[in-house]
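Worksheet for the structure shown next.
Quick note on labels: first sequence line is chain A, next is B, and so on, each numbered from 1. Note that these values count all heavy atoms, side chains included, but never hydrogens, waters or copies made by symmetry.
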Amino acid sequence: MLEIRNLKFRYAESSFYLEIPHLEIAEGQHTAITGASGCGKTTLLNLLAGIIPLDLPSSSQICVAGESLGEKSEAELRRYRNETLGFVFQDFRLIEYLSLKDNIMLPFTLSSRPVTAEINQRCDDLIERIGLSTHGGRRVTQLSRGEQQRVAVCRAILGEPTLILADEPTANLDHDNAEGVWELLFEYAADMNATIVAVTHNLDGVKGFSQVLPFAEINVEGNLCPP
Amino acid sequence: MSSIIRLAVAYLRSQWKLAVTLIVIVSLSVTLPIATSRVTQEYERELASRSESPPLLLGARGDRFDLVLKSQFYVGELQQTLTYGEFHSIDRNEELVATPLHLVHSTNQGEWPVVGTTSTYLTAQSLVLKSGQTFAALGTCVIGAGIAEALPEATSLKTDLANPFGLGDMLPYELEIVGVLEEADSPDDFAVFISLETAWVLDGYGHLHDEADVGSAVDRNSFLKGVDGIHIPSSTQTSLTAGNRNKVHFHGDQDDYRISSIAIWPMHNEASALLQAKYIGDRNLQVLVPSEEFQKLMDYVFQVRHVLNVVFAILAVTAVVMVVTSIVQALQLRKQNLLTMQCLGCSRLRVNCLLLTELSILVSGALILSFILVLILESTAPSLLTLI
């Protein structure tokens, strides 16, 4: 499903350096990448999502479902993020002035994908699944943090993506809410045989991951700049 | 598209104070120049509609605007500084068509002027009777289309008292409406036309008197009242009908009776020039060309409009700066939202469409508000004549 080869990345005018010689995650696998804050986990996810473009020309290669991200145009990357990928952010990134349902539907509303009756129904089902069916018209700012993150998960999975990238999705939640979020993700992934790549600094007894990779092991050079 | 509009509305609702402020700023910067331009155009039209007719005016020397505006637009009372004899001397010239104007009385609490003149005036001003006949008989009147519309059932109009207490004044007369003019889109629509003789009856030169009265007429408040051989104008008979019309009598020489001004239509330029030359050195009278006086007035209006245009340009630039700053600020505050949309793979076209929709709603709101404000300002703007 996901393969990284010879990935080398650094931010301009920064000593931060990321180097992953090889990483392969199979379809349907749930992978947790752990590491301390600031070690580069979010950078890795952004690279996997095509949000941060790979430096070209370069030998770095990220392949998702057999397609190299480096060879995609910006429009193709947007479509990849919209149709193949579901992204869950640490800080939810909900649009505060929109209702719960409008937030979940946003990837459809602002893309070329048609908002069909089926999508609408699926959205309603998801809202019901997270127990907020009576809150559909409310603004997200009126929800608790746990509820907001569950809404963000719904937004990520509404388009039935095959790959879910989660960036510390439970970092700001208490144990119960965190459990609810993980449960929602794993349940969806099990139903759709979707691949999950989650980065977190604390798994806190979360069960359901097929593999847990310490970031330090996959990033061979650590945060050090090569000579 | 409807979902994009819904998202745009949701954003604007969440920022309603900013949205309302922007709408008001934009609409004001659009409304003020448009409304000013339209109002001054209306003033110009008002003036232009009368500037050529009559081509000349004869009146007392003094305020030129006053004479022109009062004679052309019947704005307020114009003192009777001419005599009917002076009209006769002008009227004898066959190269001139002249009509006297008597502009002292009014009806409806001063709202509608009563214009004493001759039927020649109606012809010269191209005023056509829609129904009825002219004001040939004493005590009758012809009303403009505007008055007829305001009083569709009226058969008569009562003149106003010349002063609020009516002391020493002639009592109001009932004027019988015998004709209605076609709409002229001019001050004539709201004027009451009567014959000069009727106007002089209103002045007191002519009157009815009670059966017992004999001798010479004096005012009913005169100290001569009650003296033998004196009679006073009737205080009970204040309408002229077929029954008493022949009992009206006038005192004194008609050539001494007062009129306000004389409207003159020269047959050709030479006649006009000769008449103007005749009165150049006159100490009491002046001949004016109304179109020239109106042009002077319009020059003032244009000067004011020019100053206002500069003010509006500054206002518009300020508004543009404020709007652009607000939009840039708002985009800056929404940077995170826009980044999230990008992360979710939203189409750039759709996101731009969303922002454009928000802007379009604001602009539409501003234009609708401007339209309403222009209508309100236009309808509530005082007439130039009222201002003068």
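- For Q15(B), no part sits under 4.5 Å from any heavy atom of chain A, backbone or side chain.
- Looking at F89(A), only its side chain comes within 4.5 Å of chain B, counting heavy atoms on both sides.
- Most heavy-atom pairs under 4.5 Å with chain A, from the set A10(B), S347(B), C353(B), C346(B): that is C346(B).
- Using a 30° and 60° split on the angle between ring planes, F73(B) and F294(B) fall in the perpendicular class, above 60°.
- Heavy-atom pairs under 4.5 Å with chain B were tallied for E74(A), R81(A), R155(A); the largest tally goes to R81(A).
- Chain A forms more heavy-atom pairs under 4.5 Å with one residue of Q336(B), R348(B), R13(B) than with any other, namely R348(B).
- With rounding to the nearest 0.5 angstrom, the CD1 atom of I327(B) is 5.0 Å from the CG atom of L359(B).
- Looking at I51(A), the atoms closer than 4.5 Å to chain B (heavy atoms on both sides) all sit in the side chain, from C-beta outward.
- The neighbour count for E128(A) CD, taken as heavy atoms of other residues, nucleotides or ligands under 6.0 Å away, does not exceed 12.
- There is no contact between L85(A) and chain B, counting heavy-atom distances below 4.5 Å.
- Contacts of L349(B) with chain A are absent, with no heavy-atom separation under 4.5 Å from either backbone or side chain.
- Using a 4.5 Å cut-off between heavy atoms, R113(A) does not touch chain B at all.
- Here the side chains of T34(A) and F215(A) are not in contact, with every heavy-atom distance at 4.5 Å or above.
- To the nearest 0.5 Å, atoms SG (C343(B)) and CG (N82(A)) are separated by 12.0 Å.
- Classification of R122(A) and E118(A) as a salt-bridged pair holds, one side-chain N sitting under 4.0 Å from a carboxylate O.
- Annotation: cation-pi geometry satisfied between R334(B) and Y11(B) (NZ/CZ under 6.0 angstrom from ring centroid, within 45° of ring axis).
- When heavy atoms are compared at a cutoff of 4.5 Å, N103(A) does not approach chain B at all.
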